[in-house]
> 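Shown below is the structure under consideration.
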Amino acid sequence: MKLSNYFMPTLRETPKEAEIVSHRLMLRAGMVRQETSGIYSWLPLGFSVMKKIEQIVREEQNRAGFVEMLMPTIQPADLWKASGRYDDYGKEMLRISDRHDREMLYGPTNEEMITDICKMGIRSYRDMPVRLYHVQWKFRDEVRPRFGVMRGREFLMKDAYSIDIDKEEARKSYYRQFVAYLRTFERMGLKAIPMAADSGPIGGDMSHEFVVLADTGESAVFCDRELVDMAIPGNDVGYDDDLEKIASEWTSRYAATDEKHDEEKFAAEVPEERRVTARGIEVGHIFYFGTKYSASMGATVQNSSGESVALEMGSYGIGVSRLVAGIIEASHDEAGIIWPASVAPFDIGLINLKAGDQETDEACNSLYQQLENAGVETLYDDTDERAGGKFKNMDLIGLPWQLIVGPRGLKAGEVEIKNRASGERETLSPDAAINMLTAKN
RNA sequence: CGGGGCAUGGCGCAGUCUGGUAGCGCACCUGGUUUGGGACCAGGGGGUCGCAAGUUCGAAUCUUGCUGCCCCGACCA
């Protein structure tokens, strides 16, 4: 992509409404624009990152045996009246009426809808398990939206639902998501720790929040250092195998958010040198809720003994749009964002230090073509901005690599490569640069 | 929803106390000199001063009402 053909309105100064670092950087990098409190337009750069995140989530959901579908944003109120949540949800739910004065709502989540779908679609225990997910916009009319897209009212979320015949089967579905989450966040360059969460109406041990460690995180978290260093299951993990062993490796060690933290327990269970106190951001939540909705909504099926039983269900959320901000919180410096390669909007930023200079233009065009042909996503700054501004902008938007080309270097047959994260630069020939950059991607 | 604050050009701000018809920096446009980490000179465009009433000869400025946004708290992916 040539920058001259792109839309990336970067700002030199930070709009005053932005307090936290990810919000500031997202506005400065031209990733989002606030439309009203808690609602954002996603400009090309931000949209691109969100899509990369979404794709990783999708791949790991698929790998875990969940099947993608899509439910609507607008739902009829009747479904929610059936489950009893229409009244319970309160003002957080955005209620709308259509032209016929029928009560509708902008969905804050989809348990009722998926239950209703399964009520129709599952006729026998033989049809189970059913494991579905979708990635869809949600709306929760937060009392106080803040921190940019971190706590917006409209947000993109992956929510998955498992439907099983009994609790033991439901547990297997739960662990699939547990392991999928470990892998998903790892792939985004994040260190996410599962932490025991309020276990909903059913109780028990099947509810976890996944918290990303970031110095500027919103809440304090406490855990065993072993969790921070623990290996993540590889992409060859057998989802059809018993995953409980993997999960218990994690759940058997101390990890708690601020609210659930028990200092005495922490001290008793974790040797002092392994006690980690950090800041974190919740990016995912998985929980088993049993028959809460299936029972109230009459979603039942006959089991192998011929008894009619309510569906055993769980739901599993990941805040996709929130992750864009979460990753920035976990990965930035004074100069700007530092994207992990897997979610970077482009792999490489090609900087033409003297647009308009024939030799430099030709060299850049050639490099740009070679990179594109090799499938390396490149943002080519071909504008006639001054060199200093290009450097600042490129650092701000945080692409993993910069390829810097100017007349001075070209005279010596050289270009420069800069690694955004380490700041290391290397001078080498254009061919060597291409080899190196295409090998990395 | 309680407490606090803000609203003046795309962004950041001054001007408001003490009313006299709007200014600065950045960004933008033109010309020139520049050009390897946010250049310089000259010229230029852009604002119903959040909205509505009121006071006044005259309101960004004073009064009243409204709206929007931000921050702290309670709540949440």
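Note: hydrogens, waters and symmetry copies are ignored here, and every other heavy atom, side chains too, is used. Order of the sequence lines sets the chain letters (A, B, ...), proteins ahead of strands, with each chain counted from 1.
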> For the C1' atoms, the ones on B:rU35 and on B:rG23, what distance do you get once it is rounded to whole angstrom?
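Taking atom C1' in both B:rU35 and B:rG23, they lie 32 Å apart.
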> Quick one: which of B:rG38, B:rA7, B:rC75 gets closest to the side chain of A:K16?
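Of B:rG38, B:rA7, B:rC75, B:rA7 is nearest to the side chain of A:K16.
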> Once you apply a heavy-atom cut-off of 4.0 Å, does A:K158 come out as touching a base, just sugar-phosphate, or nothing?
nothing
> Which value, in whole Å, describes the distance between the C1' atoms of nucleotides B:rA52 and B:rU48?
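Taking atom C1' in both B:rA52 and B:rU48, they lie 13 Å apart.
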> If you check the A:R144 side chain, which of B:rC1, B:rA77, B:rC69 turns out closest?
B:rC1
> From C-beta outward on A:F147, which listed nucleotide comes closest to its side chain: B:rC72, B:rG12, B:rG37?
B:rC72
> Could I get the full list of side-chain contact (heavy atoms from CB on, under 4.5 Å) partners for A:A374, not counting sequence neighbours?
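Listed in chain order: A:V376, A:T438.
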> Is it the case that B:rC11 (base atoms only) and A:R12 (side chain only) share a donor and an acceptor within less than 3.5 Å, ignoring hydrogens and angles?
no
> Tell me which nucleotide, if any, is Watson-Crick or G-U wobble paired with B:rG68 when both distances must be under 3.5 Å.
B:rC6
> Can you tell me, in whole Å, how much space there is between the C1' of B:rG15 and that of B:rG9?
15 Å
> With sugar-phosphate meaning primed atoms plus P, OP1 and OP2, does A:E142 contact a base, only sugar-phosphate, or nothing at under 4.0 Å between heavy atoms?
base
> Do A:R95 and A:Y86 meet the cation-pi criteria used here (NZ or CZ under 6.0 Å from the six-membered ring centre, within 45° of the axis)?
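A:R95 over A:Y86 ring: yes.
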> When rounded to the nearest Å, what value does the distance between C1' atoms of B:rG3 and B:rA60 take?
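Result for the C1' pair: 28 Å, nearest Å.
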> Which nucleotide, B:rC76, B:rC11, B:rC71, lies nearest any side-chain atom of A:L11?
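Between B:rC76, B:rC11, B:rC71, the one nearest the side chain of A:L11 would be B:rC11.
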> Suppose we define a pair by two distances each less than 3.5 Å, Watson-Crick or G-U wobble; what does B:rU55 pair with here?
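Result: none.
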> Regarding A:S219 and A:D258, do their side chains bring together a donor and an acceptor under 3.5 Å, going by distance alone?
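No, because no side-chain N or O of A:S219 sits under 3.5 Å from a partner of the opposite role on A:D258.
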> With C1' as the reference atom in both, quote the distance from B:rU8 to B:rC76 in angstrom, rounded to an integer.
36 Å
> Going by purine N1 to pyrimidine N3 plus the second Watson-Crick contact, or the G-U wobble pair, all under 3.5 Å, which nucleotide sits opposite B:rC28?
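Looking at the geometry, B:rC28 pairs with B:rG44.
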> So do the side chains of A:F210 and A:L182 get within less than 4.5 Å of each other, counting heavy atoms only?
yes
> Nearest to the side chain of A:E92, which nucleotide is it out of B:rC70, B:rG37, B:rC75?
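Comparing B:rC70, B:rG37, B:rC75 against the side chain of A:E92, the answer is B:rC75.
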> With no angle test and no hydrogens, is the base of B:rG38 tied to the side chain of A:R28 by a donor-acceptor pair under 3.5 Å?
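In this structure, the two groups form a donor-acceptor pair.
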> Which class fits the ring pair A:F266 and A:H261: parallel under 30°, tilted 30 to 60°, perpendicular over 60°?
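A:F266 vs A:H261 ring planes: perpendicular.
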> Could you tell me which nucleotide pairs with B:rU18 by Watson-Crick or G-U wobble geometry, both distances under 3.5 Å, or answer none if nothing does?
none
> Starting the side chain at C-beta, find the nucleotide from B:rC76, B:rG37, B:rA74 nearest to A:R140.
B:rC76
> Between B:rC1, B:rC75, B:rG68, which one does the side chain of A:T36 approach most closely?
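Looking only at heavy atoms from C-beta outward on A:T36, the closest nucleotide is B:rG68.
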> Mapping A:F155 and A:R146 to their closest nucleotides on RNA chain B, which lands nearer the 5' end?
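It is A:R146, whose closest nucleotide lies nearer the 5' terminus.
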> Looking only at the side chain of A:E13 (C-beta and beyond, no hydrogens), which of the listed nucleotides B:rG38, B:rC26, B:rC1 gets closest?
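Given the options B:rG38, B:rC26, B:rC1, the side chain of A:E13 is closest to B:rC26.
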> Roughly how far apart, to the nearest Å, are B:rG43 and B:rA53 at atom C1'?
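It works out to 43 Å between them.
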> Between A:F155 and A:Y40, is the ring centroid distance below 6.0 Å?
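Not close enough - the centres of the two rings lie 6.0 Å or further apart.
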> Quick check: on RNA chain B, is the nucleotide nearest A:G152 upstream (toward 5') of the one nearest A:T10, or the reverse? Name the residue that is more 5'.
A:T10
> Among B:rC71, B:rG12, B:rC76, which nucleotide has an atom closest to any side-chain atom of A:E19?
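Between B:rC71, B:rG12, B:rC76, the one nearest the side chain of A:E19 would be B:rC71.
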> Can you tell which of B:rG37, B:rC1, B:rC70 lies closest to the side chain of A:V143?
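Among B:rG37, B:rC1, B:rC70, the one nearest the side chain of A:V143 is B:rC1.
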> Using nucleotides 32-34 of chain B, report all nitrogen or oxygen pairs with the protein that are shorter than 3.5 Å.
residue	atom	partner	partner atom	Å
B:rU34	O2	A:R386	NH1	2.9

> Tell me what A:G317 touches on the nucleic acid: a base, only sugar-phosphate, or nothing, going by heavy atoms under 4.0 Å.
nothing
> C1' atom, B:rU18 versus B:rA59: distance in rounded Å?
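Those two atoms are separated by 14 Å.
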> Should the ring pair A:Y293 and A:F289 be called parallel, tilted or perpendicular, given that the plane angle runs from 0 to 90° and is split at 30 and 60?
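It falls in the perpendicular class, over 60°.
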> Please tell me if A:T14 has a side-chain N or O lying less than 4.0 Å from either OP1 or OP2 of B:rG12.
no
> When all nucleic acid strands are considered with a 4.0 Å heavy-atom cut-off, which category describes A:Q34: base, sugar-phosphate, or nothing?
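Counting heavy atoms under 4.0 Å across all strands, the contact made by A:Q34 is with sugar-phosphate only.
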> With sequence neighbours excluded, tell me which residues meet salt bridge (charged side-chain N to carboxylate O under 4.0 Å, His left out) with A:R63.
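Result, salt bridge (charged side-chain N to carboxylate O under 4.0 Å, His left out) vs A:R63: A:E60.
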